[in-house]
Structure formats: structure tokens, C-alpha cells
*Asks:* 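Before I ask anything, let me first share the structure, which is written out below as C-alpha cells.
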Amino acid sequence: MLSRAVGLGISPVFNARLTIASNVNNYNLSTALQSLGWTTTKRARIEVTINSGVTVGSTSTGSPAFLVNLKDIDYVTIINNGNIFGAAGGGGVSAWTSNGTPGGAGGTALQALSNVRIVNNGIIGGGGGGNGGDGASIRFLRYSPSCPKGGTYQAGYHTCGRCLQNVWTAYPATCTPVYDYPPGNNGAAGVAGSGVAGSAGASPYFAGGAGGAAGNYYLGSSKITVITAGTVRGNISA
């Protein structure tokens, strides 16, 4: 839900106070203002308040939860009393005869393409990285070919040189061990807004995939002026 108060200044400055009162994904400030009649030819003086208990999230690690994309000459203040959470990174995948794949990196919480002031009374967190997939493991199945002349391998003696035709006669066999490569577990997805890196996968034989990196709580930090830091989780990038 959005609300505004317009007419607080003199044209051509567009003045608005917006309130985000219910959960929303991929909030685009420019799009929100255009729906209220703002055009790019107007300067803007904007205050956006996120209510307590409300989460601005994202449906994709490739898109920030909150995008500030006006002009540097505009005056934008965000008052966060709730949460701004980047999307969670996906978990890695395990395969039959290879290493596990890495977990995906978490997404960005707030990206600033233009100047913005932040009053953070809540939580701003990059998405958690996904856990890496476990590598495949090796399990002995049999020897190939089987013992010649219908014999069997000597019980408890798992080599190719101990085929028994009967209890009195042993003879050598030429064979190759046959293995199965059961995959390990797929990695779990990260947690939106947790801002933690994923864990690496494991396996006794093939390597587990690396854990995904934590997402950025701020992307475009050179454009951001922090008035109140509040709680932030994850990384930060210029």
C-alpha cells in the first residue's frame, strides 16, 4: 500500500511521502513515483517509510529488493522500520560421477543508483548464500567378469585372484571391480535476508560444492548516506 502527500514544495519539484504498509517484492522507486504522476523532468523530494513488521523482499537474486534509481540532484530518504531482504541463493546440486556444484550467491537488499539517505530502525539484509551440493560417493558392486567356470569369489576375500570352483581348487581370475557412484545430497537454499555465506558440500570421494556468498545489504554504497545504521547483514559493495 502506498500513500503520499503532494504539494509540499513549489513546482517543478515533486514532493511525496510514501508508506509501504504491506509486504512487497522488488520495489522500484522510480516506478512507484511515476504511478503518482512524477516524470523524470521534475526534481524529486521523497520520503519512503517502511512500516514495522513489513518486509520488502525480492523474487530473484538478480534483482534487488529495493531499487533507488532517480537522479543525484533528487533528495530521497528511506525510513526503514521493518525489513529489506535480498533473495536467498539456490542450493548446489549433487551428481552421479562428479563433484557437487556450488551454492548460489544471495541477492542484494538495497541498490542505490542515485543518492539516498537511510534511517534504518529495522533490518537490512542481503540474501543468504546457498549450501553447496555433496559430491558423489563410491560403492563397490561386483567384479566383472564374474568368476570363470561358474565359480564364486572366496567369501571375505575381495580380490580378483581367489575364485573357487570348489572347496579344494582355487584358480586365478582376471577381473575389474565395478563401482556405483551414488550422488550425495543437494545443497539447501539460503535464507532471504540472513546475510550469511552458504556451507560447502561434503563427500568421501568427490569434492562437495562451495557454499554461495552472502548477498549485499547495500550495493552502490558510495551513493548511500547512513543516518541510522540499525541492523545490517551480509556484504557491502560500492
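Note: hydrogens, waters and symmetry copies are ignored here, and every other heavy atom, side chains too, is used.
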*Asks:* If you round to the nearest 0.5 Å, how far is CG of Leu141 from CD1 of Ile138?
*Replies:*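 Atom-to-atom, Ile138:CD1 and Leu141:CG are 11.0 Å apart.
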
*Asks:* Check whether any side-chain N or O of Asp134 sits under 3.5 Å from a backbone N or O of Ala202 as a donor-acceptor pair, and report yes or no.
*Replies:*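 Yes, because the side chain of Asp134 sits within donor-acceptor range (under 3.5 Å) of the backbone of Ala202.
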
*Asks:* With a 4.5 Å cut-off on side-chain heavy-atom distances among I, L, V, M, F, W and Y, is there a chain of contacts connecting Leu67 to Val56?
*Replies:* no

*Asks:* Apply side chain to side chain contact (heavy atoms under 4.5 Å, CB included) to the pair Thr39 and Phe14, showing each step before the final yes or no.
*Replies:* CA-CA 9 Å; Thr39 65; Phe14 184 89; over 6 Å; no

*Asks:* Could you give the distance from CD (Gln111) to CG (Leu29), rounded to the nearest 0.5 Å?
*Replies:* 13.0 Å

*Asks:* Where do Ala65 and Gly86 come nearest, in terms of heavy atoms and distance?
*Replies:* CB-N, 4.5 Å

*Asks:* What ring pair (Phe, Tyr, Trp, His ring centres under 6.0 Å) pairs are there with at least one residue in residues 83-134, not counting sequence neighbours?
*Replies:*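 Residue pairs with at least one partner in residues 83-134: there are none.
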
*Asks:* To check you understand the geometry: which heavy-atom pair defines the closest contact between Phe206 and Thr97, and what is its length?
*Replies:* CE2-O, 3.5 Å

*Asks:* Between Ser60 (side chain) and Gly62 (backbone), is there a donor-acceptor pair under 3.5 Å?
*Replies:*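 Yes; judged by distance alone, with no hydrogens or angles, the pair exists.
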
*Asks:* Same cluster or not: Ile118 versus Val232, using hydrophobic residues (I, L, V, M, F, W, Y) connected whenever any side-chain heavy atoms lie under 4.5 Å apart?
*Replies:*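 Yes, one cluster joins them.
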
*Asks:* Once you round to the nearest 0.5 Å, how far does OH of Tyr217 lie from OG of Ser237?
*Replies:* 10.5 Å

*Asks:* Can you list, by chain and residue number, the hydrophobic cluster partners of Val119 when the side-chain cut-off is 4.5 Å?
*Replies:*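 Reading the cluster by chain and number, Val119 sits alongside Ile79, Ile227.
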
*Asks:* Group every Ile, Leu, Val, Met, Phe, Trp and Tyr by side-chain heavy-atom contacts under 4.5 Å, then state whether Tyr27 and Ile84 land in the same group.
*Replies:* yes

*Asks:* Check whether the side chains of Ser58 and Asn26 place a donor and an acceptor atom closer than 3.5 Å, and report yes or no.
*Replies:* yes

*Asks:* List the steps and the verdict of side chain to side chain contact (heavy atoms under 4.5 Å, CB included) for Ile46 and Leu33.
*Replies:* CA-CA 9 Å; Ile46 308 299; Leu33 294 180; 3.7 Å; yes

*Asks:* Side chains of Asn216 and Asn235: do they bring a donor and an acceptor to under 3.5 Å?
*Replies:*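 Note: Asn216 and Asn235 side chains miss the donor-acceptor criterion.
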
*Asks:* Nearest heavy-atom pair of Pro12 and Lys42: which atoms, and what distance?
*Replies:* O-CB, 3.4 Å

*Asks:* Without hydrogens or angle criteria, can the side chains of Thr49 and Asn81 be said to hold a donor-acceptor pair below 3.5 Å?
*Replies:*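 Distance-only check fails for Thr49 and Asn81.
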
*Asks:* Write down the atom of Ala88, the atom of Gly190, and the distance for their closest heavy-atom approach.
*Replies:* CB-O, 3.0 Å

*Asks:* Distance from Asn120 atom CG to Ile224 atom CD1, nearest 0.5 Å?
*Replies:*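 So the gap between those two atoms works out to 11.0 Å.
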
*Asks:* Please evaluate residues Thr228 and Asn121 with respect to the criterion side chain to side chain contact (heavy atoms under 4.5 Å, CB included), reporting the C-alpha separation (whole Å), side-chain torsions for both, the decisive distance (0.1 Å), and the verdict.
*Replies:* CA-CA 7 Å; Thr228 302; Asn121 302 314; 3.9 Å; yes

*Asks:* Grouping I, L, V, M, F, W and Y whenever their side-chain heavy atoms are under 4.5 Å apart, do Leu219 and Ile78 come out in a common cluster?
*Replies:* no

*Asks:* Is it the case that the side chain of Asp74 and the backbone of Ala44 share a donor-acceptor pair, with hydrogens and angles ignored and the cut-off at 3.5 Å?
*Replies:*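 Yes, because the side chain of Asp74 sits within donor-acceptor range (under 3.5 Å) of the backbone of Ala44.
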
*Asks:* Can you name the nearest heavy-atom pair linking Ala109 to Gly126, along with the distance?
*Replies:*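 Heavy-atom minimum between the residues: CB-N, 4.2 Å.
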
*Asks:* Quick one: CZ on Arg17 to CZ on Arg45, what's the gap to the nearest 0.5 Å?
*Replies:*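 Atom-to-atom, Arg17:CZ and Arg45:CZ are 9.0 Å apart.
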
*Asks:* Do the side chain of Ser98 and the main chain of Ala95 share a donor and acceptor less than 3.5 angstrom apart?
*Replies:* no

*Asks:* Taking Ser35 for the side chain and Ala32 for the main chain, is one N or O donor matched with an acceptor at less than 3.5 Å?
*Replies:* yes

*Asks:* Please tell me if the side chains of Arg233 and Ile123 come closer than 4.5 Å, counting only heavy atoms from C-beta onward.
*Replies:* yes

*Asks:* Do you see a donor-acceptor pair shorter than 3.5 Å between the side chains of Asn69 and Asn28?
*Replies:*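 The criterion, which ignores hydrogens and geometry beyond distance, is satisfied for Asn28 and Asn69.
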
*Asks:* Let me check something: do Leu70 and Tyr218 share a hydrophobic cluster, defined by ILVMFWY side-chain heavy atoms less than 4.5 Å apart, either directly or through other members?
*Replies:*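 The answer is yes; both residues are in one hydrophobic cluster.
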
*Asks:* Distance alone, cut at 3.5 Å: any donor-acceptor contact between the side chains of Tyr75 and Arg117?
*Replies:* yes

*Asks:* Side chains of Asn83 and Val54, heavy atoms from C-beta outward: is any pair under 4.5 Å?
*Replies:*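 Sidechains of Val54 and Asn83: no contact.
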
*Asks:* Grab the two heavy atoms, one from Ser221 and one from Ala238, that are nearest each other, plus how far apart they are.
*Replies:* OG-CA, 3.4 Å

*Asks:* Of Val48, Thr108, Asn80, which is the lone residue that meets side-chain contact (heavy atoms from CB on, under 4.5 Å) with Phe66?
*Replies:*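 Answer after filtering Val48, Thr108, Asn80: Val48.
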
*Asks:* Applying side chain to side chain contact (heavy atoms under 4.5 Å, CB included) to Leu113 and Val68, what does each step give before you reach the verdict?
*Replies:* CA-CA 6 Å; Leu113 301 179; Val68 179; over 6 Å; no

*Asks:* Return the CG to OG distance between Asn99 and Ser203, rounded to the nearest 0.5 Å.
*Replies:* 8.0 Å

*Asks:* Do the side chain of Asn115 and the main chain of Asp72 share a donor and acceptor less than 3.5 angstrom apart?
*Replies:*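 The answer is yes, because a donor-acceptor pair under 3.5 Å joins these two groups.
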
